[in-house]
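The block underneath contains the structure these notes are about, expressed in structure tokens.
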Protein chains: 2
Amino acid sequence: MTIQEAARRSGLSAHTLRYYERIGLIHSVGRDGSGHRDYVETDIRWLAFLTKLRSTGMPIADMCRYAELRRMGEHTFAERQALLERHRERVRARIAELTEDLQVLDHKIATYGGRA
Amino acid sequence: MTIQEAARRSGLSAHTLRYYERIGLIHSVGRDGSGHRDYVETDIRWLAFLTKLRSTGMPIADMCRYAELRRMGEHTFAERQALLERHRERVRARIAELTEDLQVLDHKIATYGGRA
DNA sequence: CTCTCCCTTGGAGTGCGCTCTAAGTCAAAT
DNA sequence: ATTTGACTTAGAGCGCACTCCAAGGGAGAG
């Protein structure tokens with residue numbers, strides 16, 4: 001699969017795909033005869049997972065750490081899981097924070113006409 | 001109230017308070033005899049509101065627009081309210097997105113030991 | 001008077017996450 | 001044979017939201 005197809009399927013730009021590879025987020029993408037990147041299905045699944053992590057606000061640095069652990073093999077499962085659990089807590093906290101702030105916003109909108 | 005006190009009470013740094021003033025987010029803070037900023041209670045309340053907007057992910061540019069409308073007086077109430085309503089929709093959407101992603105994360109963590 | 005300390009300003013620098021450019025390669029189409 | 005267009009790399013640039021710096025200005029303590 002070409003970089004353009006991978007871009008379309010992952011929702012990332014070709015620029016970003018190259019960038020992710022450069023920083024080690026996605027490792028050893030195959031090349032075809034002309035040296036062009038040739039993505040496979042597992043790359044797309046990995047990109048989908050990375051995209052989930054990003055969209056939940058995980059910093060690139062943490063994603064790199066996760067990718068590194070993944071490359072190191074199965075004995076890093078526990079650490080990877082711990083990393084995801086810490087992240088899950090952050091996401092939960094963020095949802096809680098946003099939910100609270102939403103109520104403040106609701107109140108502000110409802111009482112408009114009072115002071116700004 | 002000095003800039004340090006305002007910083008402490010708003011949770012923003014003195015640097016950020018000056019920056020916010022420079023870009024027009026907080027207008028005409030009073031000065032004392034030596035030209036030092038002298039914040040009052042209404043400034044603190046306004047900063048608290050700004051902080052809410054920021055923490056819910058409103059871009060600085062939109063906050064500036066809101067601040068500008070506020071300076072223009074009461075006839076901008078409707079537009080301000082509309083701006084807040086649009087923002088509220090974005091916050092709701094973000095909460096929904098995070099909540100969905102959280103489930104994916106939960107699943108990933110629960111089934112760990114399967115494929116990474 | 002000098003030292004210390006916090007304040008002022010304009011402007012430069014930082015970190016993050018991309019995003020784009022330049023220079024060059026290769027393959028298919030005309 | 002040439003043109004077109006998508007690809008490659010290393011590296012530069014950008015937008016956002018700060019964050020810090022340099023140079024200078026009082027005010028109070030010793």
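Of the candidates A:Arg80, A:Arg90, A:Arg54, A:Asp62 forms a salt bridge (charged side-chain N to carboxylate O under 4.0 Å, His left out) with just one, namely A:Arg90.
B:Leu47 has its CG atom 12 Å from the P atom of D:dC18, to the nearest Å. For B:Met58 and D:dC16, the CE to C1' distance is 16 Å, given to the nearest whole Å. Between the P atom of D:dG28 and the NE2 atom of B:His36 lies a distance of 11 Å, rounded to the nearest Å. What separates CD1 of B:Ile3 from C1' of D:dC20 is a distance of 14 Å, to the nearest Å.
The two residues B:Glu97 and A:Ser55 come nearest to each other via the heavy atoms OE2-CB, 4.0 Å. Annotation for A:Ile95 and A:Thr99: closest pair O-OG1, 2.7 Å, computed over non-hydrogen atoms. Scanning both residues, A:Asp43 and A:Asp38, for their nearest heavy atoms gives OD2-O, 4.4 Å.
Side-chain contact between A:Ile26 and A:Tyr39: present, with at least one pair of heavy atoms (C-beta onward) separated by less than 4.5 Å. Residues A:Val91 and B:Asp101 are not in side-chain contact: their nearest non-hydrogen atoms beyond the backbone lie 4.5 Å or more apart.
Of the two residues near DNA chain D, B:Ser34 and A:Thr2, the one whose nearest nucleotide lies more 5' is A:Thr2.
For the residue pair B:His36/B:Thr2, the side-chain donor-acceptor check at 3.5 Å is not satisfied.
Remark: A:Gln4 is in phosphate contact with D:dC7, judged by side-chain N or O atoms under 4.0 Å from OP1 or OP2. A sub-4.0 Å separation between OP1 or OP2 of D:dG26 and a side-chain N or O of B:Arg31 is absent.
Note on A:Glu79 versus A:Arg65: salt bridge recorded, some NZ/NE/NH1/NH2 to OD/OE distance being below 4.0 Å. Ion pairing between a basic and an acidic side chain is recognised when a charged N comes within 4.0 Å of a carboxylate O; B:Arg92 and B:Glu89 show such pairing. Residues B:Arg88 and A:Asp106 are paired through a salt bridge, judged by an N-O separation under 4.0 Å between the basic side chain and the carboxylate.
Residues of residues 15-30 of chain B having a heavy atom closer than 4.0 Å to DNA chain D, listed by number: B:His15, B:Thr16, B:Tyr19, B:Tyr20, B:Arg22.
Ring orientation note: the planes of B:Tyr66 and B:Phe49 are tilted relative to one another, at an angle of 30° to 60°.
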*Which dot-bracket string describes DNA chain D (Watson-Crick N1-N3 plus N6-O4 or O6-N4, or G-U N1-O2 and O6-N3, all under 3.5 Å; [ ] crossing; | other strand)?*
||||||||||||||||||||||||||||||
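Protein chain B contacts DNA chain C from C:dC7 to C:dG11, reading 5' to 3' and using non-hydrogen atoms of the protein with a distance under 4.0 Å.
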